[in-house]
Amino acid sequence: MDCCSISIFMTHLSNYGNDRLGLYTFVHLASFIRSWTNLKLHTLPPLQLAHKYFQLFPEQRNPLWQNPCDDKRHKDIWSKEKTCDRLPKFMVIGPQKTGTTALYLFLLMHPSISSNFPSPKTYEEVQFFNTNNYHKGIDWYMEFFPVPSNVSTDFLFEKSANYFPSEESPRRAAALLPKAKIITLLINPSDRAYSWYQHQRAHEDHAALRFTFYDVISARQGAPAELRSLQNRCLLPGLYSSHLDRWLTYYPANQVMIIDGHQLRTDPAAVMDEVQKFLGVTPHFNYSQALTFDPQKGFWCQLLEGGKTKCLGKSKGRKYPPMEPEAHAYLSRYYREHNVELSKLLHRLGQPLPSWLREELQKITLASINQG
Ligand SMILES: Nc1ncnc2c1ncn2[C@@H]1O[C@H](COP(=O)(O)OS(=O)(=O)O)[C@@H](OP(=O)(O)O)[C@H]1O
């Protein structure tokens with residue numbers, strides 16, 4: 001009989017307990033079959049075997065890491081050298097340009113809060129859940145975090161501003177960190193898009209230097225690919241309600257905090273009080289004493305001993321001309337329905353609407369009165 005079927009046996013991951021009994025069993029099973037049956041056994045070198053395996057089971061190409069300590073059987077064989085506490089208790093997920101760096105630095109001022117070691121590759125952020133770093137596994141991720149000295153009071157966190165709009169991140173994060181608290185910051189999506197465009201220009205992105213902001217936001221199908229790609233990255237993170245909906249599919253609402261980024265900019269001490277309450281972190285840290293408004297920078301900064309201030313670098317709080325009215329009007333229209341959806345979502349969650357959202361809703365009401 002011609003053989004056409006292939007079965008591939010794999011023992012479970014070797015790092016789970018170096019299962020030598022498994023290997024022993026397979027080797028002896030193979031030699032038993034060879035000796036006592038007419039079946040011909042073929043195998044491939046490990047890499048080719050892996051390719052074959054994923055050809056047969058493509059759905060298993062995407063792993064979903066869970067915390068080994070959440071399952072007793074895994075915990076029992078998890079190396080004694082390792083700890084499951086080297087994982088964040090909360091995450092600042094972005095989106096980009098909403099004040100995430102300011103929030104990150106303010107959080108680090110708290111005596112019980114610490115973050116990951118910086119990643120040299122991705123502007124210090126770990127960017128685990130939203131990129132191929134995820135395939136490097138949880139040991140790779142955990143290496144970014146210090147071993148907490150006192151697990152009950154230490155609050156480890158990471159901030160990766162690209163988690164917010166990422167399709168994969170909520171499901172992956174919830175599988176590994178189901179109890180984590182999630183913090184997101186929202187500013188007017190139009191301002192976010194403009195700040196992001198300025199950021200790309202400052203980083204000498206070819207398309208951002210070549211095209212005006214209006215060109216970018218209003219590009220249509222058939223426009224050059226680099227322009228369309230820039231447009232997507234500029235506009236899509238601002239579709240707040242869709243992204244939030246996805247996070248709320250995987251995390252209960254009481255684990256998700258939505259901060260008004262404009263308020264963080266104008267009244268950071270009040271926001272940081274709310275953040276401390278939400279996290280349940282102790283001791284209470286008095287941010288109204290620790291932060292001061294720096295008129296030269298035009299932003300709130302850390303107050304150092306001797307009255308000096310430590311502000312964020314030049315790349316945060318950039319100077320650039322105000323957005324042109326034409327672009328403003330275009331974006332207000334572009335985000336209109338999404339802003340309405342966001343207001344419904346916040347209403348459902350029992351959360352107040354940020355002032356920028358109320359203003360956008362008023363514009364919609366006025367426009368419909370004028371039309372009527
Ligand atoms: N205290 C303080 N200091 C400096 N900047 C502040 C602060 N609070 C909020 N912001 C606003 O943060 C904007 C940058 O956002 P992010 O840090 O999220 O940007 S990034 O995604 O990490 O690049 C940055 O955007 P731009 O003004 O466009 O540079 C600021 O408006």
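Scope of the values below: all heavy atoms of this structure, side chains included, with no hydrogens, waters or symmetry mates. For this chain, numbers begin at 1 and follow the sequence in order. Each ligand, and each atom within it, is numbered from 1 in the order the structure gives.
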Colleague: Under a 3.5 Å threshold, yes or no: a donor from one side chain and an acceptor from the other, between Asp205 and His199?
Modeller: no

Colleague: Quick one: ring-ring contact (aromatic ring centres under 6.0 Å, His included) partners of Tyr320, sequence neighbours excluded?
Modeller: Tyr194

Colleague: Starting from Trp300, can I reach Leu107 by hopping between I/L/V/M/F/W/Y residues whose side chains sit under 4.5 Å apart?
Modeller: yes

Colleague: Using a 3.5 Å cut-off on N/O to N/O, what pairs does ligand 1 make with the protein? A line per pair would be great.
Modeller:
from     : atom 1 : to     : atom 2 : distance (Å)
ligand 1 : 1 (N)  : Trp300 : O      : 2.9
ligand 1 : 15 (O) : Gly99  : N      : 3.1
ligand 1 : 17 (O) : Thr101 : N      : 2.9
ligand 1 : 17 (O) : Thr101 : OG1    : 2.5
ligand 1 : 18 (O) : Lys97  : N      : 3.1
ligand 1 : 18 (O) : Thr98  : N      : 3.2
ligand 1 : 18 (O) : Gly99  : N      : 3.1
ligand 1 : 18 (O) : Thr100 : N      : 2.8
ligand 1 : 18 (O) : Thr100 : OG1    : 2.6
ligand 1 : 19 (O) : Lys97  : N      : 3.4
ligand 1 : 19 (O) : Lys97  : NZ     : 3.4
ligand 1 : 21 (O) : Lys97  : N      : 2.9
ligand 1 : 22 (O) : Thr101 : OG1    : 3.1
ligand 1 : 22 (O) : Lys316 : NZ     : 3.2
ligand 1 : 23 (O) : Lys97  : NZ     : 3.1
ligand 1 : 23 (O) : Lys316 : NZ     : 2.9
ligand 1 : 28 (O) : Ser195 : OG     : 2.7
ligand 1 : 28 (O) : Tyr320 : OH     : 2.5
ligand 1 : 29 (O) : Gly317 : N      : 2.8
ligand 1 : 29 (O) : Arg318 : N      : 2.9
ligand 1 : 31 (O) : Arg265 : NH1    : 3.2

Colleague: Between Lys181 and Phe278, is NZ or CZ placed under 6.0 angstrom from the six-membered ring centre and within 45° of the ring axis?
Modeller: yes

Colleague: How about Arg201 and Tyr197: does a side-chain donor come under 3.5 Å of a side-chain acceptor?
Modeller: yes

Colleague: Exactly one of Gln127, His243, Glu158, Glu125 should register a side chain to side chain donor-acceptor pair (under 3.5 Å) with Tyr163. Which one does?
Modeller: Glu158

